[in-house]
Amino acid sequence: MDENYEPNALDREFDSFFHNVSCFVVTGFPYEDRCEFVLNATNCIAGTNFVPYMRIMSCEFNCKNKFEELVFISILLLFCVELLIFLGVVVNQYYSPALKMLSRMCHMNEHLAGITFLAIGNSTPDMFSDLSAIDDKEPVVANTLALALFVTIFTGGLICYMSPFKMNQHATVRDLLFFILGVSMLEYFVNADGRVKMTECILMFCVYFIYFIVNFVDVFLLRATLRSLKRKIKELKHQPDTPELREKLDKLRNKYNYYAEDAHFEIIERPEDWFFNSQSTNKSRLTFITRQTGARHRHSVDVDGTRNVFYNPTVPKNHRICRDFLDAINPIDAYNWSKASLIIRIYYIAKAPVTIICVLYIPLVDYELDKHGWSKLLNCMQIFLNPAITLIVGQAFIFRDKTTLWYNRIFETYYYGLYSCSLTVPIAIVVFLHSRTNVPPKYHWLFTIMNLSGSMCLIFETASEISVIMGVIGSILEIPPDFMGVAVSPVANGISDLIANVAMAMQGYERMAYAACIGSPFFNVLLSHAVLFSAMNIKGIPAHEKTVNGIYGENSYIFLNFALFATLLWVCLLNFQARRSVGLFSMVLYLLFLFFAVFINMGIIHSYSNDPVIYDTFDSGSI
């Protein structure tokens with residue numbers, strides 16, 4: 001080659017090929033060349049969450065034909081099932097008790113707790129995920145609207161079907177109207193001129209915070225009304241007894257009882273018919289039960305009673321400390337195992353490894369359990385284990401180089417965990433010397449901080465892993481990315497919302513769960529997009545049409561609006577009584593959206609998006 005040759009743009013593009021190419025294009029390479037490609041492509045590492053699936057498929061498994069790829073997909077699907085069990089354990093046993101305790105401490109009602117702690121906790125990971133992929137050319141709005149459709153319509157419908165309940169009337173209508181306003185604002189800002197200005201982002205911020213303030217003011221006014229009614233009832237009791245007075249008192253008491261249902265957050269006893277009714281002595285089979293409206297009564301938990309149930313000041317402070325520790329880390333109860341059927345035992349075996357991980361990493365604070373879940377030796381270990389693991393793994397994930405797998409950085413980040421131990425180990429020693437085994441200390445509620453942080457980390461990473469697996473399966477099966485974004489990714493990304501909301505509903509907090517089904521996507525539609533487009537404006541990144549809307553964007557917008565108006569219609573017609581029939585209606589409506597997406601992908605029908613206009617080259621009007 002001539003020494004004076006100067007590389008042109010095409011040469012430079014080849015030089016940066018492995019830094020810019022998507023890892024999923026490997027499916028277009030011959031099987032014998034795939035391993036070399038994934039070892040060199042930066043995206044095959046940067047796009048990895050926990051496990052480098054494309055590298056395993058191409059190098060370790062060394063798939064040579066389509067059949068071996070299908071076997072690999074089957075293994076990935078089995079791993080997804082294990083991750084779903086992981087999500088269920090974290091949400092049901094750790095995350096939901098902490099949310100209930102935090103809501104009670106903050107003096108919220110169910111609806112306010114649903115749109116704040118539960119909704120924001122479910123949505124914040126999605127916001128950070130969108131920010132991390134700010135440079136990617138993806139239909140962000142279309143995907144978010146599809147996710148909102150899944151969470152609001154399918155998950156909300158599943159809650160109505162599994163546990164029918166009486167809705168909070170005014171709050172439900174207000175939230176639906178705010179949601180319709182937010183979706184319409186976003187769609188208008190996106191389609192007005194192809195970009196979202198900073199002033200429009202500020203307006204979206206303002207609308208969301210107005211929604212937030214209105215809900216807080218509503219609870220304040222509700223409690224003020226209750227105090228006023230209580231004073232009126234007390235005053236009327238001192239007046240001479242007459243038929244008119246009794247009628248007036250009955251009206252005031254009914255009004256007071258109606259408002260009192262939504263005034264406070266109380267921790268209730270968990271119903272026994274929760275997902276797997278495997279602890280029943282009468283039957284040891286897998287059951288999945290839905291409830292009739294009013295089929296169970298809400299019984300408040302005696303918090304002081306569950307805390308002091310084993311308290312005995314005469315026994316030593318470390319009485320049964322080792323036995324309590326072994327009982328806490330035991331993943332399979334021997335009695336339940338002896339009574340269980342084969343399917344339940346398979347479930348127990350699949351659940352065992354994730355249970356051990358959760359037990360060692362997340363402190364349990366549950367007012368419904370004896371001693372509130374306190375295990376002295378285990379909780380003292382978690383004081384230094386939880387922060388150390390979070391810092392080590394978090395540093396390896398967040399600050400890793402795009403060409404390095406996260407576990408290769410553990411040897412560079414372990415000292416962050418050692419630094420934290422210099423502070424947490426003395427605290428653990430002090431707690432160990434001060435506390436007793438048979439009763440939790442008064443500061444046991446502080447463990448909720450580690451509970452929430454640990455639970456949210458595991459939920460986010462597990463849901464992200466499921467999303468990555470779905471992306472890998474889609475690339476292997478050669479499914480178009482835009483179709484994956486509205487049909488598969490919303491389900492993968494929304495599975496954590498579904499499990500968390502359904503778990504809360506089946507534990508007796510249907511209003512909180514349904515409020516989160518509206519509050520979580522409303523957070524994504526307004527606040528997450530306001531943050532995303534603000535960052536794009538600051539960085540000077542243009543909001544390209546494909547990045548903003550995509551082929552399925554109009555479909556998602558129209559179906560979401562139709563679903564929200566339909567929900568607003570049936571809640572008013574049925575007097576805010578969530579029934580199984582409307583649950584089925586909502587889920588079928590979401591399936592109809594999926595059918596539309598499938599038919600559009602197959603070319604059977606046309607989407608609502610506009611076709612690009614193609615002008616004749618020699619037409620003077622094209623200039």
Side-chain angles (χ1 to χ4, degrees), residues 88-114 116-118 121 159 162-163 165-166 168 219 223 257 260-277 279-280 289 291 294-312 324 327-328 333 358-359 362-376 378-379 435-452 455 500-516:
V89 170
V90 174
V91 169
N92 189 43
Q93 298 182 11
Y94 296 92
Y95 187 54
S96 58
L99 286 177
K100 288 184 279 187
M101 177 185 171
L102 192 61
S103 302
R104 181 177 181 268
M105 289 174 58
C106 295
H107 303 286
M108 294 184 170
N109 65 358
E110 278 193 46
H111 184 269
L112 189 58
T116 52
F117 293 137
L118 187 54
I159 291 170
M162 293 178 62
S163 185
F165 67 101
K166 182 72 174 179
N168 186 319
V219 175
R223 291 172 181 169
N257 293 332
E261 291 180 359
D262 298 319
H264 301 284
F265 190 99
E266 59 176 341
I267 296 179
I268 61 175
E269 293 180 2
R270 185 175 302 193
E272 293 183 359
D273 53 340
W274 166 240
F275 275 123
F276 297 100
N277 193 16
Q279 297 182 0
S280 174
I289 302 176
R291 300 195 194 96
R296 49 110 177 98
H297 299 285
R298 295 168 67 94
H299 300 287
S300 299
V301 172
D302 182 3
V303 176
D304 291 330
T306 54
R307 179 180 184 274
N308 300 310
V309 62
F310 295 127
Y311 178 60
N312 186 355
D324 284 353
D327 289 342
D333 183 81
C358 293
V359 165
I362 309 175
L364 179 61
V365 184
D366 189 349
Y367 283 173
E368 301 170 48
L369 300 178
D370 294 337
K371 299 190 299 181
H372 297 172
W374 169 257
S375 176
K376 179 176 177 177
L378 177 61
N379 287 136
S435 60
R436 304 180 62 89
T437 56
N438 54 14
V439 64
K442 293 182 178 180
Y443 47 81
H444 185 219
W445 62 272
L446 290 172
F447 284 81
T448 308
I449 300 172
M450 291 187 290
N451 182 311
L452 284 174
S455 298
N501 295 340
V502 170
M504 295 304 300
M506 296 302 291
Q507 291 174 24
Y509 301 91
E510 298 93 348
R511 295 183 179 184
M512 179 179 179
Y514 200 84

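Counting begins at 1 with the first residue of the sequence.
- Legend: residues meeting side-chain hydrogen bond (donor to acceptor under 3.5 Å, both in side chains) with Arg223, ordered by chain and number and at least two apart, are absent.
- Remark: side-chain polar atoms of Ser163 are not paired, donor with acceptor, to backbone N or O of Ile159 under 3.5 angstrom.
- A donor-acceptor contact shorter than 3.5 Å links the side chain of Thr306 to the backbone of Tyr367.
- Rounding to the nearest 0.5 Å gives a distance of 11.5 Å between CD1 of Ile267 and CG of Asp302.
- Between Ser96 and the choices Met101, Met512, Met504, the side-chain contact (heavy atoms from CB on, under 4.5 Å) rule is met once, by Met504.
- In terms of heavy-atom proximity, Ser455 sits nearest to Tyr94 at OG-CB, 3.7 Å.
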Subject >> Verdict with supporting geometry, Arg511 and Lys166, side-chain contact (heavy atoms from CB on, under 4.5 Å) >> reply: CA-CA 8 Å; Arg511 295 183 179 184; Lys166 182 72 174 179; 4.0 Å; yes
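- The backbone N or O of Thr437 lies less than 3.5 Å from a partner atom in the side chain of Lys371, making a donor-acceptor pair.
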**OP:** Evaluate side-chain contact (heavy atoms from CB on, under 4.5 Å) for His372 paired with Val303, printing each intermediate quantity in order.
**Re:** CA-CA 8 Å; His372 297 172; Val303 176; 3.7 Å; yes
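- Asp366 places no side-chain N or O within donor-acceptor distance of the main-chain N or O of Gly373, the cut-off being under 3.5 Å.
- The backbone N or O of Ile268 sits less than 3.5 Å from a side-chain atom of Tyr509, completing a donor-acceptor pair.
- Contact check for Lys442 versus Arg307: side-chain heavy atoms found under the 4.5 Å cut-off.
- Between His444 and Leu364, the shortest heavy-atom distance links the atoms NE2-O, 3.6 Å.
- Nearest heavy atoms, Ala500 versus Val91: CA-CG1, 3.4 Å.
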Original post:
Would Leu102 and Trp445 count as a side-chain contact (heavy atoms from CB on, under 4.5 Å) if you check the C-alpha gap in whole Å, the side-chain angles of each, and the deciding distance to 0.1 Å?
Top reply: CA-CA 9 Å; Leu102 192 61; Trp445 62 272; over 6 Å; no
Original post:
So Ile362 and Phe447, side-chain contact (heavy atoms from CB on, under 4.5 Å) or not? Walk me through it.
Top reply: CA-CA 9 Å; Ile362 309 175; Phe447 284 81; over 6 Å; no
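- The backbone N or O of Pro363 lies less than 3.5 Å from a partner atom in the side chain of Asn451, making a donor-acceptor pair.
- When atom types are taken as modelled, the side chain of Asn379 and the backbone of Trp374 share no donor-acceptor pair closer than 3.5 angstrom.
- Using a 4.5 Å cut-off on side-chain heavy atoms (C-beta onward), Val439 and Phe310 make no contact.
- Using modelled atom types, one finds a donor on one side chain and an acceptor on the other under 3.5 Å when comparing Gln507 with Asn92.
- Taking both residues in full, the closest heavy atoms of Ala515 and Gly114 are given as CB-CA, 4.2 Å, listed atom of the first, atom of the second, then distance.
- The CZ atom of Phe265 sits 8.0 Å away from atom CG of Leu99, with the distance rounded to the nearest 0.5 Å.
- Here CG of Asp262 is found 9.0 Å from NE2 of His111. Values are rounded to the nearest 0.5 Å.
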